[in-house]
Structure formats: structure tokens, C-alpha cells
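Since the structure comes first, as C-alpha cells, the remarks are kept for the end.
We name chains A, B, ... by the order of the sequence lines, and we start the count at 1 in each one.
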Number of protein chains: 2
Amino acid sequence: MSTARRAGYRDVKQTILTRVRDKTWPLGTVLPGEVALAAEFGCARATINRAMRELADEGVLDRKRRAGTTVLASPLRHAKVAVPSVRAEIEATGATYRYSLVSRAEQPAPDWLRARLSLAPKAEVVHLRCMHYADNAPYQFEDRWIVLDTVPTALNESFETIGPNDWLISEMPLTDIELVFSAALAGTDYAAFLDVAPESPVFQVERCTWLNGNAVTLARMTHPGSHRLRTAL
Amino acid sequence: MSTARRAGYRDVKQTILTRVRDKTWPLGTVLPGEVALAAEFGCARATINRAMRELADEGVLDRKRRAGTTVLASPLRHAKVAVPSVRAEIEATGATYRYSLVSRAEQPAPDWLRARLSLAPKAEVVHLRCMHYADNAPYQFEDRWIVLDTVPTALNESFETIGPNDWLISEMPLTDIELVFSAALAGTDYAAFLDVAPESPVFQVERCTWLNGNAVTLARMTHPGSHRLRTAL
DNA sequence: ATATTCATTATGTCTATACATATTAACCAT
DNA sequence: ATGGTTAATATGTATAGACATAATGAATAT
């Protein structure tokens, strides 16, 4: 009558999750060991192991050798933020993407940037300013600094037809990303590029990327305040 | 001479990652099958499987039955955003946390909220307005709506000493979260609470949470524009 | 009391094997 | 050509058994 196939790791995960959610196993509970659960579910220890390991990866459980598996405090502490390239972000909405280079300069890294990225005193960077349009409406103004010590090939690239983000993705491996979100006022500079009033709010995302501890690039991306970064999980 | 223990799944992961990064296996490459790699690394197929599966989970590889495993475009598409409670967020910086309830009202859900959370026409909500201080300086103004159909116990809670977020965490399980980040102007209302000028920018995070498809609560959290939400991966 | 040693225990990882399942490519009939 | 059937194939999942490793707590020595 029932569809009871043997329990797979998904079934086990689901059941454990339910028991955590309905407080059958409240906060801090140490769950039965893998062998015990394997007996209960009638499956192999490896199956229980995978279920519990994945729940631990997802932040639901905490596992320690010898100590056993415990229920963690807040089941949902983390959300994933998609970090698509602007192009992908725009094209995903069905709009037409257009890129335009505003300026390009090779220069010594300004002090604030050296401090921010822990650069050497005489580090050189390429500073780009770019615009990204969605259906010809201003979508994002991008201030981009690329560290030449880490990415020397940036010297030979004009960035007139390809955006720095798309170029870097195809050119450079990355190991770390740091994101900072904040709000600011448009001011005269951004206002002109984004076609909004200087006293209107703008939404900024700063993205630093690193390769094995060496700074690769810093991007400061500015959107009209009406822009919304949506994410789920 | 070499420390060559038998390759574990971590070693396999590392080696594959290196080959992806140094373009030994460029974008779109279909990697050798699991059996072939198992032979190369001198380990069992399950070991290769785990390594590749985890890399797929991390967004480096794409796996399809029969089609094989391919190298994905952007090695870092997702970042995790920590969603701590305000209290934890403030106390993590070493500052003293203070909470204060501004207002509390039980009312029918306004139209925009009903639409936003897909509520029934006659749904009732508790609307709270709260302030969170770090070292007695305004840190966050919180507009909070709690859906009474889903959380009836909110009726009996005054929220005068405990913030709605802390209360909900201890009270309710959650299954889904949606976050929206944006920028806005303070305006007279927020300005007074956050102690900033009305024409200054504010940073807003809207958080909807759900339990099995039923809306639990919506929080609109407003910070002074200088606030920075930092995240890494 | 304090430190050291050591057995115990739960998880961590690997192996070899088996069967399931999605997808493609080749084949065949129309 | 077109459409449907089928076999081959790579991954997906499960199994039992084995050994590794970290953490605990008890027993022991200082």
C-alpha cells in the first residue's frame, strides 16, 4: 500500500529536518549516532552520514568527532547572493545590454586603495570608468581599479568593447571575493551618468577580488536608488 | 621522497580545481569520466565522485548524466550573506546593544503587504516599529509585520523587551527567506529615528520569511547610509 | 590538585561492488 | 527526411566492511 522504498539519503535528510523544525529534536540536542539512525531507517551508515553531512554543510547541524551531532541555533543564518556579471544580470531580464567605456587611465594606486587592498607603496593600477545600460537606460556606473602587479595583461587591453568584469572572468582565476553594500547620494558626478537628480539616493556594491592573497581588482558599482538586488534562500 | 599517500577526495578536488584555474581544462571542457579519473588518481570511483560532486555544488563544475562533467563559466557565482540578528551583529563589534519598541498595532494587512506576501483578503497582522541602538547611537529602524494566521502567538507578546527578530527565531521555524537590498532617502520619518538629515541616503534591507509556503513576516530594516553590509566568500 | 596516559567512541574517509536513471547517439521504420 | 525505439554510457545512489582520527573521560601517576 505505501510507497515505502528503502530510505535514501534525501528521505533521511527530510525526516531529520522535520524533526528539527518541529522540535522533536530541539536546539542543542545531540542526535542519535549514525549506527543507531541507520538501524532506525533501515539503511547503511554511509547513507545517514551523507544526509547529516549535507545538513551540517547547510548550517542545520553541527558535527564533531566523538562528541556527536547536535542541532544548531538558527537554521537559516546564511543566504546566497547571486553575483552575476552585469551583462548576465541585464540579459536575464530580457533587456538589451550595452556597454560603454568612459575613461581609462594607468596610474599609481591612490592611498585609500592601497590601504583597502593592502598594496605595495608603489603599486600601479588601471583605473576604468564604465557605463552599463539596459535598453539604453543607465543601469550601472562602474568604477574599476585593476592591480597591474597581479594582472599585467590589463595593460594591453583597451576595454573599449569588452567590460572589465567580462574580461577578467575570462582572463583571471579568483580565489576570494568580498562584497560591501551601502547607500549614498548621487552627487553631481553619478547623477550625470545615471540620469538622476544629484540629491537622489544611489545603491552601491563594492566588490574586491583576490587571487591567493594578492588583490586583483576593486569594483565600485553604483545603481540608481530604485535598483533592487533580490536574493533568496 | 614525496609524501604521496593515496589520494583522498580533498587531493582530487584540489588537483581538479588547479587544472580548471590554470586552464588545463578550459571553459566548457568535458572532463574525463569518473572511472578514468579514478584510474589516474589511483582511488575508487566514489572518491572521484565526491570530489566532483562538491565542486559542482560549489559552482565550479556542471554534471549531467551521460553527458559528463563540464567546466562552468564563472567559478564564483554565489556569495553567502550572513543574516545575523541585529543583536548579534552589533554585539559582534563589541558595542552595547539596546532595543526599544516604538509602536505596536494589530490591524488588517494593507493592500501592498497582502500583494507582497500573497495573503488572504482579510488577513490580520501585527505591525511593529522598533529601534536598535549600538552604544546608544541609532543603528537600525525596523518596520515589522507579523502574519497572525501563521504566527497566532504574536498576539500575546508585547515586544516591549524582546525584539521581534529574536522572538521569532526562538518561536518559529522557517523554510524560506527572501532578501531585497536597496537605497532610499531618509525622509522626515526615518530621519528623526536615525538622527540623520531627511535628505541623506539610507540603506534598506527587506526580509520576507516563509514557512512551507505561508508568509510568516516581513521586515524592512533601515540603516543610515553610512552603514555597510560586508560579506565574503 | 595537576598532569599524563590510554581506551573508548562517533564521526571521517575510502574501497569494491551493485543497481538505478537520465541522456545521447545510433538505428530502424515509416 | 521524420519520428520513434533501443543500446550504450556517465553519473546518481546505495551497500557492507574497513581503517583513520579527533575528542572525551576515566584511570593513573606526579
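For A/Arg66 against C/dT8, a side-chain-to-base donor-acceptor contact under 3.5 Å is present. Side chain A/Arg53 to base C/dT13: no donor-acceptor pair is found below 3.5 Å. If you check distances only, the side chain of A/Arg63 never reaches the base of D/dT21 with a donor-acceptor pair under 3.5 Å.
Following rounding to the nearest Å, A/Leu61 (CG) and C/dA10 (P) show an atom-to-atom distance of 17 Å. Atom CG of A/Asn49 is separated from atom C1' of D/dA18 by 14 Å (rounded to the nearest Å). Per the geometry, CG belonging to A/Asp57 stands 15 Å off P belonging to C/dT11, to the nearest Å. Between the CG atom of A/Asp62 and the C1' atom of C/dT11 there is a distance of 12 Å, rounded to whole Å. The distance from atom CD1 of A/Ile16 to atom C1' of C/dT11 is 14 Å, rounded to the nearest whole Å. Atom OH in B/Tyr9 sits about 13 Å away from atom P in C/dT15, given to the nearest Å. Rounded to an integer number of Å, the gap from A/Leu31 CG to C/dT9 P is 19 Å. The CZ-C1' distance, from B/Phe41 to C/dT15, rounds to 17 Å in whole Å.
OP1 or OP2 of D/dT13 has at least one side-chain nitrogen or oxygen of A/Arg10 nearer than 4.0 Å. Between A/Thr47 and D/dT13 there is no side-chain polar atom (N or O) within less than 4.0 angstrom of OP1 or OP2.
A parallel orientation is assigned to the rings of A/Phe203 and A/Phe181, their planes being inclined by less than 30° (bins at 30° and 60°). Using cut-offs of 30° and 60° on the angle between ring planes, the pair B/Trp167 and B/Phe159 is perpendicular.
Paired with B/Thr69 under the rule side-chain hydrogen bond (donor to acceptor under 3.5 Å, both in side chains), one option of B/Arg63, B/Arg53, B/Lys64, B/Glu34 passes, and it is B/Arg63.
No donor-acceptor pair under 3.5 Å is formed between the side chain of A/Thr70 and the backbone N or O of A/Thr29.
The listed nucleotides are C/dA16, C/dT11, D/dT11; the one nearest the side chain of B/Arg45 is D/dT11.
Counting any heavy atom pair closer than 4.0 Å across all strands shown, B/Arg50 reaches sugar-phosphate atoms only and no base atom.
In this structure, B/Ala67 and A/Thr69 both approach DNA chain C, and ranking their closest nucleotides by distance from the 5' end singles out A/Thr69. For A/Ala46 and A/Gly68, each mapped to the nucleotide of DNA chain C holding its nearest heavy atom, the one lying further toward the 5' end belongs to A/Gly68.
Considering only heavy atoms from C-beta on, A/Thr96 stays 4.5 Å or farther from A/Asn136 through its side chain.
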